[in-house]
Every structure is written in C-alpha cells, then in structure tokens.
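To start, the structure itself, in structure tokens.
Start at 1 with the first residue, then count along the sequence.
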Amino acid sequence: MTLSDFKESTTHVIQLLGVVLLSGLTSSCQHVAFFPDLIENPEVTANSVAPELHPETESKSKTIETHVFPLSDGQTMVGTIAAVNTREGDTLSDIARHFGLGYNDISKANPAIAPWTPATGSRVLLPLQFILPSTPHKGIVLNLAKMRLFYYPKKQPDKVFVYPVGIGRQGWNTPLGLTSIVAKKANPSWVVPVSIQQEHTQKGHSLPKVVSPGPDNPLGLYAMRLGFPGYLIHGTNKPYGIGMQISHGCVQLYPEDIAVLFKKVSVGMPVRIIHQPYLAAWHQDMLYLEANEPLSKWIHDKSRLKKQLLKQLHEISSKKHVTIDWEKVERIVQRSDGIPTPILAQSPDLADIAANAVQLEHPEQLYQQPIVAELKDSDWSILVASFDNETEAQKLATMLNHQGPIIPTRKIRKDNAYQVIAGPFKNKKEVKAVAKRIRIDFEIDVEPLKPRLISEN
C-alpha cells in the first residue's frame with residue numbers, strides 16, 4: 001500500500017492525530033449509569049496492580065520537583081522552568097509524561113519542535129512552573145483552561161500536588177462547579193453508556209455492555225465518582241491523551257498519577273472545577289502573568305476574560321506601586337503558552353526565561369517510553385503504509401507506538417520507500433484485531449504479512 005491509497009495524502013494521516021491517538025475506548029464516562037461494586041470507603045484490593053511510580057526528576061547535580069511542591073502561606077506560584085535535550089527516538093509526549101507534563105504543556109512551550117519527530121539534541125523547555133488558581137486552597141481544584149489538577153492535602157498544608165489531566169472534548173465538556181468525591185473504586189469495570197455504544201456503532205464496530213478491568217478498560221486501575229452524575233476522575237489506558245480534550249466529560253490522569261491521588265483522596269473531599277485561562281501572581285517582588293487559550297466552549301468570552309485580567313493587573317499595579325509593561329501583557333495573552341512570565345517594566349522576557357531554565361540531564365530511560373520488540377522472520381506483522389518521505393513514515397510509526405494498548409511499529413527502508421510495519425504479533429487472530437483497530441482509528445486498510453519462516457511448533 002502506498003500513499004496514494006489514502007483518502008487524499010499523507011497529511012490526512014497526520015491530521016488524524018487528535019482523534020487517532022485518543023479514539024477507541026479512551027473517551028468514556030459521561031452518562032455512566034453505575035459502576036459495579038463501586039464502594040464508599042474502599043481499600044486497594046489485594047489483586048490490584050499499581051503502576052510503577054517514578055521519583056522526582058534528578059540529574060547528577062540538580063533535583064527538580066515535578067508533582068509535589070512546597071507551599072507557604074500566601075504563596076501563589078510554585079515550581080521551576082527547566083529544560084532537557086532530546087535523544088534519538090524521543091517524542092515530546094514521552095518527555096512530557098516523564099516530567100509530569102501534558103501534551104498541551106509541552107507542545108505550546110515548544111512550538112518550533114516537531115512533537116512526534118523532534119531532531120536529536122533539540123532543547124525542550126519544561127514548563128514546570130505554575131500559577132495557582134484563584135480559589136481556596138482546599139481539596140481538589142481542576143482548572144480546565146490549564147488542563148491541570150491541584151490537590152491541597154488537609155494534613156499537609158505546606159504542600160500542593162499538581163497533575164496534568166485529560167478533559168472532555170467539545171460537545172462533551174467537563175462541567176464547572178463545586179462538587180465532591182462520592183465514591184472510589186480500584187479495578188473498576190466500565191458500564192458502557194448507550195450514547196458511546198451508538199457512537200462506536202456509527203464507526204462500524206460495537207462495544208460490549210461492560211468492559212472488565214484490564215488493558216482495554218479506558219478507566220485504568222482507579223476511578224473516583226464525582227457528585228456530578230455520570231462524571232469521574234480516573235486513570236486511562238491511553239496515557240498519551242493527557243493534556244488534550246479527549247473524553248466524554250470525565251477527568252483522566254496518567255496511571256502513575258491516579259495511583260497516588262487515589263490513595264490520598266477520601267470520600268467527601270471537595271472538588272472545584274473552574275475555567276481560569278488568565279492567572280496573575282505576585283512572587284518574590286515580581287508580578288507574573290500566565291496565559292492559556294480559553295477552551296472552545298468559552299472562546300466567545302475571551303474579550304470579557306481579558307478585560308477582567310486587565311482590571312486585576314491595574315489593581316495590583318496601584319496597590320504595589322509598580323509599572324507594568326502593557327505591550328508585554330498583550331504579547332503574553334496572544335502567545336497563550338501557559339508559561340508564567342514577568343510583566344513589570346524591564347523584566348525578563350520569554351527568551352531570558354528559556355536561557356536561564358534549569359538544564360537537566362536526559363534520563364537513561366524516559367518513564368514508560370514505548371520500546372518496540374525486534375521483528376523476527378517467524379512473527380506475524382502488518383504493512384500499514386508506505387511513504388516517500390521518511391519523516392512522515394516515522395510520524396505514523398510513532399503515533400501507532402503511542403496507542404493504548406501499544407501497537408508496536410517501526411519504519412523500514414525498502415527500495416526507494418519507507419514502509420511502516422506493525423508487529424510482532426503471535427498469530428493471525430491478533431493481526432486481525434490490530435488491523436481492525438488501525439482501520440477504525442486511522443481509516444487505513446492495511447496488509448497482513450505472514451511469517452517468513454513457519455515455526456514447527
């Protein structure tokens with residue numbers, strides 16, 4: 001199969017990223033009727049399999065906080081801007097997950113770097129500094145505009161836990177308001193809502209009424225029900241959708257993050273869901289502005305939100321007797337990259353922030369970075385596509401490697417083209433199942449490849 005076999009061109013494949021990476025069972029939740037055995041005060045069951053947790057990021061000379069930040073009374077900004085250089089085979093998604101960032105965080109902070117095929121040695125900015133939402137520091141606060149969850153533990157008032165999240169996509173928006181955790185469940189089963197069954201039927205395949213715990217369950221290993229009917233905070237089986245609008249309204253965390261949060265959160269804890277795209281903070285005698293693009297549902301409110309911001313900044317300026325660089329404020333709002341930036345006259349700009357970012361050494365292995373097994377002659381495989389362009393072939397292979405569950409894929413040079421080959425697979429049945437996933441998610445008709453060597457076993 002060559003590029004001409006696609007609907008129009010290679011761009012058709014790459015443009016599917018927002019849907020492809022996240023399709024299938026990722027988008028769960030909204031209008032969930034119930035979860036079997038969802039209990040009010042659970043303990044993690046003995047047969048629960050908790051994901052491996054990764055520690056705070058370290059280099060030989062530096063340690064940087066990524067999830068848990070010290071918090072003093074009155075403090076409104078936490079964290080540090082850092083940077084790391086890419087190695088061969090990295091993606092921005094792999095780097096983001098390792099350092100506790102979402103896809104939105106890292107892609108907006110590094111607009112000049114190709115997210116799926118960054119050049120080796122690229123310097124990636126890690127926006128690990130956050131202005132805290134303008135809310136009480138109590139329980140869980142979820143800022144949809146930032147796609148980030150803030151947890152203020154009652155017994156640890158000197159700390160704040162910060163996690164990237166995936167949220168509801170357009171038309172299935174995560175609701176705003178004050179609610180609470182009403183139930184928790186480890187190893188949840190997913191009762192598939194009728195609306196989601198219908199959505200998948202329209203794509204040409206059906207879902208079971210109940211998805212049992214396991215790799216195909218979009219809830220992951222832990223789920224916490226909110227007081228808003230049908231909405232949850234839960235894990236995911238497609239972690240590379242974190243930092244995107246990808247669900248039917250629920251809030252999704254990386255598996256390693258929900259494992260920590262689940263154990264710390266109790267039933268009855270308040271959960272405040274807000275949409276605050278523009279945040280200001282007075283920190284260490286400097287005024288900072290963090291701008292995020294309002295979500296589509298609130299884009300018509302952008303002018304009003306901006307006016308509110310300017311009013312707030314004028315009040316701070318008068319109270320602190322400082323001079324604000326208003327042209328810089330406008331540039332930051334236009335940029336909307338989520339990076340807290342000083343806005344007083346003669347203050348450092350983004351280039352200065354990047355130049356002074358804490359430089360970290362690349363870890364030996366990025367956390368949970370996909371590793372593709374060697375393809376042997378005795379293995380079944382799939383020819384997914386052929387490209388004239390090596391970069392486009394690598395993009396598609398990388399996207400397949402970041403599916404959930406993973407579809408192991410590599411690009412192979414053959415004659416004057418680059419083939420995208422998925423595998424290894426154990427048998428014809430597994431090949432058919434994966435081919436169906438690719439056809440549904442990527443809209444590509446693939447070619448199964450039999451083993452070159454037929455095993456005697």
Side-chain angles (χ1 to χ4, degrees), residues 1-26 88-91 93-94 114-118 120 200 203-206 215-216 237-241 368-457:
M1 184 176 103
T2 64
L3 196 57
S4 61
D5 296 317
F6 291 164
K7 285 186 172 179
E8 293 184 14
S9 68
T10 57
T11 57
H12 170 71
V13 176
I14 306 308
Q15 287 170 349
L16 286 171
L17 172 61
V19 175
V20 167
L21 182 62
L22 314 166
S23 55
L25 293 177
T26 289
E88 184 178 1
D90 284 351
T91 70
S93 287
D94 295 325
W116 299 104
T117 55
T120 301
H200 281 261
K203 293 181 179 180
H205 67 108
S206 59
D216 293 326
N237 66 338
K238 294 179 186 271
Y240 296 98
Q368 294 294 314
Q369 186 174 27
I371 299 176
V372 180
E374 180 183 359
L375 189 62
K376 297 176 290 189
D377 288 345
S378 57
D379 294 321
W380 283 83
S381 58
I382 296 173
L383 172 59
V384 180
S386 294
F387 293 85
D388 295 330
N389 183 286
E390 181 179 6
T391 300
E392 297 303 304
Q394 185 60 49
K395 284 182 183 178
L396 180 56
T398 302
M399 289 159 65
L400 286 162
N401 283 325
H402 288 77
Q403 287 287 288
I406 181 176
I407 298 177
T409 312
R410 80 280 296 139
K411 74 173 189 300
I412 296 176
R413 178 74 181 266
K414 186 174 183 180
D415 300 326
N416 294 320
Y418 295 90
Q419 294 185 338
V420 178
I421 305 292
F425 304 115
K426 298 176 183 177
N427 49 47
K428 188 175 182 180
K429 182 179 179 181
E430 187 176 1
V431 166
K432 285 185 175 180
V434 173
K436 182 179 179 181
R437 287 178 60 195
I438 296 174
R439 176 175 56 80
I440 292 170
D441 294 350
F442 286 76
E443 301 179 17
I444 301 174
D445 291 322
V446 302
E447 179 184 343
L449 300 176
K450 297 180 179 179
R452 296 182 182 179
L453 297 177
I454 303 299
S455 174
E456 296 180 358
N457 295 327

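- Atom-to-atom distance recorded for Arg452:CZ and Asp379:CG is 11.0 Å, nearest 0.5 angstrom.
- Annotation: side chain of Leu383 is not in contact with side chain of Val446 (no heavy-atom distance under 4.5 Å).
- Atoms CG and OG1, from Asp90 and Thr398 in turn, are 10.5 Å apart once rounded to the nearest 0.5 Å.
- To the nearest 0.5 Å, atom CG of residue Asp415 and atom OG of residue Ser386 are 9.5 Å apart.
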Practice problem: Determine, step by step, whether Leu449 and Ile421 satisfy the side-chain contact (heavy atoms from CB on, under 4.5 Å) criterion, reporting the C-alpha distance in whole Å, the side-chain angles of both residues, the deciding distance to 0.1 Å, and the verdict. | Solution: CA-CA 9 Å; Leu449 300 176; Ile421 305 292; 4.1 Å; yes

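- Of the inter-residue distances, the one linking Asp94 atom CG with Trp116 atom CH2 reads 7.5 Å to the nearest 0.5 angstrom.
- Using a 4.5 Å heavy-atom threshold, the side chains of Pro405 and Asp216 count as touching.
- Within the structure, the side-chain hydrogen bond (donor to acceptor under 3.5 Å, both in side chains) test picks out no pair touching residues 424-434 (sequence neighbours left out).
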Practice problem: Using the side-chain contact (heavy atoms from CB on, under 4.5 Å) rule, take Leu396 and Phe387 through it: C-alpha gap first, then chi angles, then the decisive distance, then the call. | Solution: CA-CA 10 Å; Leu396 180 56; Phe387 293 85; 3.7 Å; yes

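- A salt bridge (charged side-chain N to carboxylate O under 4.0 Å, His left out) check over residues 399-414, counting only residues at least two apart or in different chains, returns the pairs Glu390-Lys411.
- Residue Val384 comes nearest to Ala422 through the heavy atom pair CG2-CB, 4.0 Å, listed as atom of the first residue, atom of the second, then distance.
- Taking CD of Gln394 as the start and CG of Asn389 as the end, the distance is 11.0 Å to the nearest 0.5 Å.
- By the 4.5 Å heavy-atom criterion applied to side chains, Thr409 and Met399 are not counted as neighbours.
- Here OH of Tyr418 is found 8.5 Å from OG1 of Thr391. Values are rounded to the nearest 0.5 Å.
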